[in-house]
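Every value quoted in this text rests on a predicted model; they were computed, and no experiment measured them. Index from 1, following the sequence.
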Amino acid sequence: MDSPKVQLYLDITAKGLCLLGVALMIFGQGGWFYVGVATVVLGVLFIGASLVATRNLRHRGWDGRNRPTAG
């Protein structure tokens, strides 16, 4: 997860899952509401993975070399 593309793909996937889950909760009938809730929860987990990937990416430059720490 040290690639900028991985963080981008995780972010797009997370937002798509959350939007899909909200649409299922609004327009779904019966058990589809609960599928929508589960989809939103899965999207939130992907958002967390995206944030972790971003935090790991900040420690190194875009060229892959480590940056010196401030201090």
Side-chain angles (χ1 to χ4, degrees):
M1 292 186 11
D2 290 337
S3 171
K5 287 185 180 180
V6 171
Q7 190 267 337
L8 176 67
Y9 296 148
L10 282 172
D11 194 41
I12 291 170
T13 303
K15 289 177 183 174
L17 282 172
C18 287
L19 287 174
L20 177 66
V22 168
L24 284 172
M25 286 190 292
I26 292 172
F27 299 114
Q29 296 177 351
W32 288 106
F33 177 82
Y34 298 109
V35 173
V37 171
T39 306
V40 169
V41 169
L42 186 64
V44 169
L45 291 175
F46 271 92
I47 289 172
S50 175
L51 291 174
V52 169
T54 302
R55 186 174 60 174
N56 288 339
L57 190 62
R58 286 184 188 159
H59 292 292
R60 59 179 67 227
W62 290 102
D63 57 356
R65 292 186 290 168
N66 286 335
R67 290 189 222 162
T69 58

With a 4.5 Å cut-off on side-chain heavy-atom distances among I, L, V, M, F, W and Y, is there a chain of contacts connecting Phe27 to Phe33? yes
Which atoms form the tightest heavy-atom contact between Ala14 and Gly43, and what is the distance? CB-O, 3.5 Å
Say you draw a straight line from CG of Leu19 to CG of Leu24; how long is it, rounded to the nearest 0.5 Å? 11.0 Å
To the nearest 0.5 angstrom, please state how far the CD1 atom of Ile47 sits from the SG atom of Cys18. 4.0 Å
Side chain proximity check, Val40 to Val22, heavy atoms < 4.5 angstrom: yes
Value for OG (Ser50) from CG (Leu45), rounded to nearest 0.5 Å, stands at 12.5 Å
How many angstroms lie between CG in Leu51 and CG in Asp11, if you round to the nearest 0.5 Å? 8.5 Å
Any donor-acceptor N/O pair, Thr39 side chain to Val35 backbone, under 3.5 Å: yes
